[in-house]
Amino acid sequence: MSAAAPTVRRIDRKPGKLVPVLVVTLAILAIWYAGAYWMNRSLALDVFARQKVVPTTEQLVDATWSMERPLLPAPHQIAVEVWKTTADQKITSKRSLVYHAWVTLSATLAGFVSGTLLGILLAIGIVHVASLEKSLMPWIIASQTIPIVAIAPMIVVVGYNLLNGQLGVSTDASRFIAKAMISTYLSFFPITVGLVKGFRSPEIMHLDLMRTYSASRAQTFWKLRLPAAMPYLFTSMQVAIAISLVGAIVGEMPTGASAGIGARLLAGSYYGQTIQIWSALFAASLLAAILVWMVGLGGTAVVKRMGMAR
Amino acid sequence: MTSRGHLQPWIALIGLFAMVALPLDSADPTLTLPRAGVLGWSVLVATALAIVAAIRAEQSGIAGVLLAIAAHLGAFVALHLLPTVAGHPGSGYLALVLTSWLLAWALVSELSAVPRPKGFDGLLLRLLVPFLFGLWLLILWEIVVVVLKVPSVLIPPPSAIGARIATSIPTLAADFRQTFLKAVIAGYAIGCGTGFLVAIIVDRIPFLQRGLLPIGNLVSALPIVGIAPIMVMWFGFDWPSKAAVVVVSTFFPMLVNTVTGLAAAQPMSRDLMRTYAANYWQTLFKLRLPEAMPFIFNALKINSTLALIAAIVAEFFGTPIVGMGFRISTEVGRMNIDMVWAEIAVAALAGSVFYGVVALIERAATFWHPSFRT
Amino acid sequence: ADPLTLQLKWVTQAQFAGYYVAKEKGFYEEEGLDVTIKPGGPDIAPEQVIAGGGADVITTWMPAALASREKGVPLVNIAQPFKKSGLMLTCRKETGIASPADFKGKTLGVWFYGNEYPFLAWMAKLGLKTNGGPDGVTVLKQGFNVDPLIQKQADCISTMTYNEFGQVLDAGIPESELVVFKYEDQGVATLEDGLYVMEDKLKDPAFVEKMAKFVKASEKGWDYARAHPDEAAKIVLENDETGAQTEAHQKFMIGEINKLTDGTNGALDEADYKRTVTTLLSAGGDSPVITKEPTGAWTHAVTDAAGLK
Amino acid sequence: MAAGEENPKADERTVIDIRGLSLTFETNDGPVQALLDIDLDVKRGEFVSFIGPSGCGKTTLLRVIADLERATGGSITVNGVSPEEARQNRAYGYVFQAAALYPWRTIARNVALPLEIMGLPKVEREKRIAENLALVDLAGFEKKFPWQLSGGMQQRASIARALAVEPELLLMDEPFGALDEIVRDHLNEKLSKLWAKTEKTVVFVTHSIPEAVFLSTKIVVMSPRPGRVTDIIHCSFPRHRTLDMRETPQFLEIAARVRAGLRAGHSYED
Amino acid sequence: MAAGEENPKADERTVIDIRGLSLTFETNDGPVQALLDIDLDVKRGEFVSFIGPSGCGKTTLLRVIADLERATGGSITVNGVSPEEARQNRAYGYVFQAAALYPWRTIARNVALPLEIMGLPKVEREKRIAENLALVDLAGFEKKFPWQLSGGMQQRASIARALAVEPELLLMDEPFGALDEIVRDHLNEKLSKLWAKTEKTVVFVTHSIPEAVFLSTKIVVMSPRPGRVTDIIHCSFPRHRTLDMRETPQFLEIAARVRAGLRAGHSYED
Ligand SMILES: Nc1ncnc2c1ncn2[C@@H]1O[C@H](COP(=O)(O)OP(=O)(O)OP(=O)(O)O)[C@@H](O)[C@H]1O
Ligand SMILES: Nc1ncnc2c1ncn2[C@@H]1O[C@H](COP(=O)(O)OP(=O)(O)OP(=O)(O)O)[C@@H](O)[C@H]1O
Ligand SMILES: Cc1ncc(C[n+]2csc(CCO)c2C)c(N)n1
Ligand SMILES: [Mg+2]
Ligand SMILES: [Mg+2]
């Protein structure tokens with residue numbers, strides 16, 4: 001046998017993602033429906049028992065998939081709720097998920113951008129200043145073990161109230177800044193850790209080369225460390241943007257349940273609206289997935305442009 | 001010590017003059033350091049000696065020792081005077097604090113520049129620098145909070161937190177056991193484990209890589225706050241529901257990092273495996289996993305802190321009446337902010353030790369990586 | 001107009017209808033006040049907010065206010081629009097609980113975050129330990145909702161007459177399957193939603209004057225809410241930024257709230273205060289809410305100035 | 001399809017059979033024709049050297065044989081089957097132009113790598129590691145990590161790794177490039193002896209004309225842009241060779257022919 | 001400290017002055033004595049070659065000169081100052097044993113790297129890139145990435161990168177290791193011409209005896225374990241050299257002496 005025929009080498013067309021995604025989605029939906037039945041069964045049986053009816057299997061299945069406060073809502077219930085809160089509402093309405101998603105997204109992006117910048121700055125400092133690495137790094141790590149929700153009220157009191165109460169920044173802006181601060185706080189860390197690793201990843205020989213040029217630290221940084229750290233940077237950024245979103249959502253709690261996906265989640269939770277929680281969760285995940293995907297896309301583009309992808 | 005032109009000692013010299021001349025207490029202009037007895041004088045002398053040693057930048061540990069003595073004597077006197085000047089510090093007091101701080105900073109720079117000796121001394125030196133940094137963080141915190149009279153329900157002084165820790169050891173220990181030893185450890189192990197396994201499965205089965213990863217990303221960023229109530233609904237009040245939250249939040253970093261790491265092997269190394277007709281698992285274990293280790297450890301490190309936060313946050317949503325998160329949320333309501341900070345201190349300590357252990361394992365396991373070879 | 005910030009204890013809901021009505025109906029404006037209402041939430045301690053200067057006046061429960069006072073945040077009650085307590089323990093009948101005597105060995109859901117003090121006082125009165133032993137009760141820190149009862153994770157849970165109890169009913173459990181114990185009936189009721197300010201500010205007559213205007217206008221709001229419950233519910237709904245509240249539930253809530261605000265003009269009844277203090281002092285335990293009888297924790301100066309006697 | 005159908009000449013001793021093989025790389029900068037219309041066959045027990053100017057496609061051709069690169073035209077069989085199947089049968093050992101040692105393994109464990117993969121028992125592995133490290137004069141460096149070795153030592157380690165497999169077919173890409181003359185002569189002799197003794201087939205890329213002449217039974221001279229075979233020279237020296245053979249007129253004659261072929265591939269006007 | 005104080009022999013033409021230099025590496029496996037008691041001086045305009053068996057410390061010595069490794073004993077000055085200062089003055093250009101090209105830069109931009117660092121204007125940069133790529137016969141490959149080049153081409157690119165700097169002192173670690181004889185001869189000639197024309201000082205590591213003899217004014221023969229200098233051989237050929245010089249008896253004689261020194265450093269019993 002021989003490897004003849006094609007005249008051009010390796011036109012590696014990546015196989016599409018559509019079919020696998022569809023198949024996996026269908027499988028997950030099937031498992032989900034089964035799970036919904038299984039988890040809600042005893043609740044549904046309680047309801048029937050209260051009404052003193054013995055349900056047929058069909059009735060039971062139907063009931064588990066249409067409960068108002070299920071343990072696990074059926075996918076179509078979430079879909080309906082999402083539809084009702086997106087397509088059926090003006091996007092500026094407080095009842096529109098799109099509006100809430102936007103509120104959260106803006107804080108997420110602000111937090112992500114500042115977290116990334118902070119993370120990069122810290123990583124640069126740590127890689128270049130020995131006393132920073134030795135004294136700061138342990139405390140950066142310790143800072144991340146402080147439970148954010150515990151310090152969030154303090155951010156609110158010290159930050160939000162300072163801005164809003166003493167500095168006269170508008171309520172909305174103060175809230176936004178407080179949320180973005182929490183996002184920043186959470187997202188800088190993966191960036192710092194990943195980048196420190198990345199900045200130190202160049203081959204020894206490549207660093208030696210820079211030494212022979214007596215390149216300044218800045219030159220070594222821009223021309224060697226930074227390019228070499230790119231794969232680390234983008235992986236870290238993917239983690240960071242997901243965490244930023246979590247931060248923004250967490251930050252929506254102590255600023256006074258207001259607008260945003262976090263507030264939706266909480267409100268849903270106060271009133272036992274399981275389906276509303278799930279639809280907010282769905283919105284959050286969708287948002288996260290889009291953000292992570294976009295960062296990934298940006299990363300691939302940059303790495304390709306740099307000629308590192310083969 | 002090299003002869004790099006340090007600015008710090010010169011600024012400290014200005015501070016020294018200010019310490020001599022200016023009053024410590026704005027309510028009592030006659031109280032200056034030279035008039036504060038033996039302590040006051042010893043601070044001035046120590047500071048002067050340290051400045052001279054630092055400026056002459058002599059090749060020796062002497063400068064370091066002098067800096068250490070002056071900085072900490074200064075801190076001691078500042079703390080000693082704290083009750084007297086609370087609410088009305090004089091400019092001399094500020095000079096005392098800032099100068100001591102500056103000397104401590106100079107000390108930290110000196111220590112960082114020292115080539116690290118081997119063995120136990122090296123370890124001590126490694127720990128000394130962050131310890132000093134933290135100590136000064138606490139000293140300044142104490143002084144700022146007391147001097148500015150910040151209400152202790154907002155930010156308590158470290159001394160109050162320390163006192164609270166001392167009197168609440170049994171409670172703190174019980175909370176630690178509940179949150180860290182049960183929820184965090186279990187959740188971390190399961191979360192990192194499944195993240196890793198799923199990454200391998202996804203890597204092994206390209207169909208899943210294309211089908212599951214996009215959907216996996218969907219699940220990835222489920223906010224802790226949102227899933228915590230659901231997990232309580234599903235797994236009950238006790239620690240398993242907290243562990244479940246930890247699992248969900250550690251899963252994604254592990255998945256992403258492992259998938260990236262598995263792709264990191266050099267083309268030539270891969271070719272080598274091809275020439276051996278190594279099968280998938282052999283290539284995985286002998287080439288791609290070792291090459292992925294730096295990435296995997298990256299995730300393990302990020303997760304070690306994330307897990308703790310997740311478990312604590314999860315406890316805000318229904319728990320038995322023990323646990324670090326439980327304590328934090330209820331004590332905030334009771335205005336026992338010192339207890340809240342005591343828990344935070346325990347969390348920070350536990351988290352840092354956890355991280356440190358992972359970092360040590362990383363060093364041992366990826367000693368060959370360029371980042372450790374320099 | 002004179003700006004003033006009110007920090008609520010909880011999210012925007014009919015529990016605070018009086019303030020929202022007063023704002024929407026222009027009652028504050030009539031008094032020359034420009035009132036900002038900050039909604040709260042589970043992580044907001046209004047006591048902390050006011051200590052940090054983020055609010056001029058807050059609503060909170062008296063046990064929490066007195067606890068803060070001991071911790072160095074000198075809060076003073078200037079008015080008490082809620083006469084009665086809406087707190088109760090709701091149990092499923094099938095657990096066999098018929099009276100407080102049956103609590104032994106059961107699992108009870110309790111709200112913490114400063115709301116647990118009346119419960120601890122009650123248990124102390126019943127002589128039950130709360131650390132999970134066989135001759136005490138097992139206490140769970142209850143989350144925001146009533147799921148533990150519906151999912152049978154707890155035998156009893158804390159509910160407010162105006163909120164969570166309605167949710168239990170909404171969840172399909174009929175009243176006939178429930179047993180409720182109102183704190184009010186058990187003699188351990190403590191004062192809820194009062195208005196508190198920082199003590200030092202009260203030295204300024206102008207501040208007292210401003211607060212008097214605020215309390216007066218708020219009372220007008222509460223009166224209006226009692227007279228027009230449906231409209232009040234709508235006003236609350238419009239002010240809910242999350243867009244998550246339902247009209248039906250807010251209507252139910254305002255109905256129940258009106259029962260609690262009835263029978264007072266906003267001035268604190270000293271007898272209620274005494275009872276609250278006694279209850280809290282009896283709570284005991286290893287971390288008591290208050291260790292000694294507070295002094296100066298309330299004043300009539302504001303309500304007097306507002307002409308509410 | 002069986003190799004025989006396509007190439008009637010191939011007999012049972014044919015190890016590598018290449019007909020009209022071409023390969024084009026796609027680059028950001030347009031296609032690069034790396035190999036054009038290569039014909040070559042290698043019989044069992046032959047020692048074939050590729051020689052040619054830098055960039056003429058020697059590495060590429062060796063990689064095609066090893067199934068590390070896929071040809072875009074023509075046909076190739078290894079042991080009568082496709083390179084892919086041959087690779088899966090572990091038909092060959094390969095020495096890369098760069099050492100390609102794994103930094104997390106010591107030298108001994110780097111040599112152990114292919115043996116582990118083939119599932120050899122530990123005793124046998126250790127025997128072969130010791131043997132082959134001694135062969136390339138690296139005894140005593142077992143426990144060092146690759147970055148602690150000099151360039152030439154790394155290259156020798158990678159040769160030991162390939163030899164330890166004891167493959168029937170050895171593909172070597174400039175294995176002695178980073179070695180000095182003495183070591184090189186020494187290893188040339190050892191390789192030649194090994195080959196004479198074991199009847200192995202070797203395909204060898206080199207830049208050194210004497211080396212090629214000394215070792216080979218057949219020298220393939222290549223020229224670049226596009227990579228083609230310009231000459232195939234047979235050396236009929238006895239199987240057992242010694243270094244002094246390099247002074248014989250026959251040797252010098254062949255060397256001259258190779259040099260001429262090589263020079264033709266370069267565009268230098270000298 | 002000035003070089004003169006310690007070494008009275010050093011005159012103003014001394015570029016490198018090494019006295020009693022030693023270097024020990026600490027490894028997991030105990031210390032490795034890589035260099036022992038080296039004495040050497042290099043004058044301006046000299047062409048010095050290091051030759052010796054694999055692992056004898058040639059690279060290490062070159063790295064000490066370049067301040068990439070710090071000696072653990074003895075003294076060394078470069079241009080009269082410490083290697084560190086010399087490096088900071090950008091006193092030399094260095095060619096590594098492996099190409100060490102940055103994978104994310106094209107060939108042209110790899111050559112541009114040191115020029116960017118030295119802050120040369122764009123026009124000048126492009127002139128030098130074109131010139132030096134042409135010198136190593138890589139014109140036309142400007143836009144390729146390193147991994148799209150053959151091993152020898154990569155090595156030539158790295159030579160072009162070092163030459164583009166136009167340094168007074170060139171340190172080259174086996175620059176022609178991966179090149180075939182023809183290209184090697186060709187580049188040897190070019191390098192020799194460049195050196196003759198510009199009065200550069202070159203320190204050169206090689207494995208090839210003819211190459212060393214052809215290029216050098218001084219050949220340093222080293223032997224391993226521990227790395228020592230065993231012989232220093234002066235070649236007094238004219239500054240302008242041609243390849244046919246290699247047939248002269250004088251050349252062959254020097255080559256023989258080098259070979260003898262080299263063989264002494266090996267432990268082969270042949
Ligand atoms: N991955 C690749 N992508 C694009 N072009 C490539 C690639 N690999 C090799 N080439 C090109 O193919 C040609 C032949 O390269 P090859 O490595 O086979 O040369 P070689 O004969 O081994 O040279 P050398 O003696 O220098 O190692 C070169 O022109 C090179 O630029
Ligand atoms: N980083 C290191 N750590 C430990 N040992 C080292 C290190 N670098 C080199 N060595 C050892 O030092 C000795 C000299 O190495 P060096 O690279 O200088 O040899 P070389 O003469 O350049 O050899 P080659 O011709 O093979 O390149 C070797 O024995 C090597 O094992
Ligand atoms: C975490 C948490 N704490 C308390 C309550 C109970 N609650 C119901 S209404 C209200 C406001 C009182 O003014 C409060 C505190 C809760 N549901 N969740
Ligand atoms: Mg090649
Ligand atoms: Mg070398």
Side-chain angles (χ1 to χ4, degrees), chain B residues 118 196 199-200 203-206 257-301 358-374, chain D residues 59-60 62-70 78 81 83-107 109-120 144-148 154 157-158 161-162 164-167 169-173 203:
Chain B
K118 276 194 172 169
F196 179 76
I200 303 264
D203 178 77
R204 171 78 243 216
I205 307 170
N257 272 283
T258 309
V259 167
T260 315
L262 286 176
Q266 294 296 313
M268 183 151 18
S269 304
R270 284 167 188 266
D271 280 351
L272 185 69
M273 281 299 178
R274 271 173 72 88
T275 71
Y276 300 148
N279 65 29
Y280 173 82
W281 296 108
Q282 290 172 322
T283 311
L284 185 70
F285 282 114
K286 298 198 187 291
L287 169 62
R288 297 174 63 216
L289 277 182
E291 201 88 83
M293 276 305 157
F295 289 85
I296 293 174
F297 274 102
N298 204 7
L300 285 175
K301 286 199 286 192
V358 176
L360 278 181
I361 300 175
E362 174 186 33
R363 195 168 267 273
T366 61
F367 61 92
W368 49 269
H369 192 262
S371 63
F372 292 125
R373 258 191 267 149
T374 21
Chain D
T59 297
T60 308
L62 205 65
R63 286 173 61 84
V64 171
I65 297 172
D67 186 40
L68 296 176
E69 220 57 85
R70 195 147 291 176
V78 175
V81 295
E84 184 171 1
E85 272 179 81
R87 179 174 61 76
Q88 272 154 4
N89 298 337
R90 299 191 174 131
Y92 62 83
Y94 196 106
V95 180
F96 287 88
Q97 194 164 357
L101 301 170
Y102 289 179
W104 54 89
R105 287 183 169 242
T106 58
I107 296 307
R109 295 200 57 237
N110 262 292
V111 177
L113 178 70
L115 311 180
E116 285 170 16
I117 285 173
M118 298 182 333
L120 257 60
K144 294 270 187 294
F145 286 95
W147 70 87
Q148 297 174 329
Q154 290 180 24
S158 102
R161 182 178 58 187
V165 178
E166 301 183 355
L169 172 60
L170 250 177
L171 307 176
M172 306 177 92
D173 194 355
V203 183

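Note on naming: letters A, B, ... go to the chains in the order of the sequence lines (proteins, then strands), and numbering restarts at 1 for each one.
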### Heavy-atom pairs under 4.5 Å with chain B, option from D/P114, D/A86, D/G93 with the top count
D/P114

### Greatest number of heavy atom pairs closer than 4.5 Å to chain B - which of D/Q88, D/M118, D/R105, D/R90
D/R90

### Message
Less than 4.5 Å to any heavy atom of chain B: does that hold for the side chain of D/F145, its backbone, both, or neither?
### Response
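Only the side chain of D/F145 comes within 4.5 Å of chain B.
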
Nearest 0.5 Å, please: how far is [atom2] in [Y] from [atom1] in [X]?
| X | Y | atom1 | atom2 | value |
| --- | --- | --- | --- | --- |
| B/F196 | B/L289 | CZ | CG | 4.5 Å |
| B/L287 | D/I117 | CG | CD1 | 9.0 Å |
| D/T60 | D/I65 | OG1 | CD1 | 11.0 Å |

### Message
Please determine whether side chain to side chain donor-acceptor pair (under 3.5 Å) holds for the pair D/Y92 and D/D67, giving the CA-CA distance in whole Å, both sets of side-chain angles, and the decisive distance to 0.1 Å.
### Response
CA-CA 11 Å; D/Y92 62 83; D/D67 186 40; over 6 Å; no

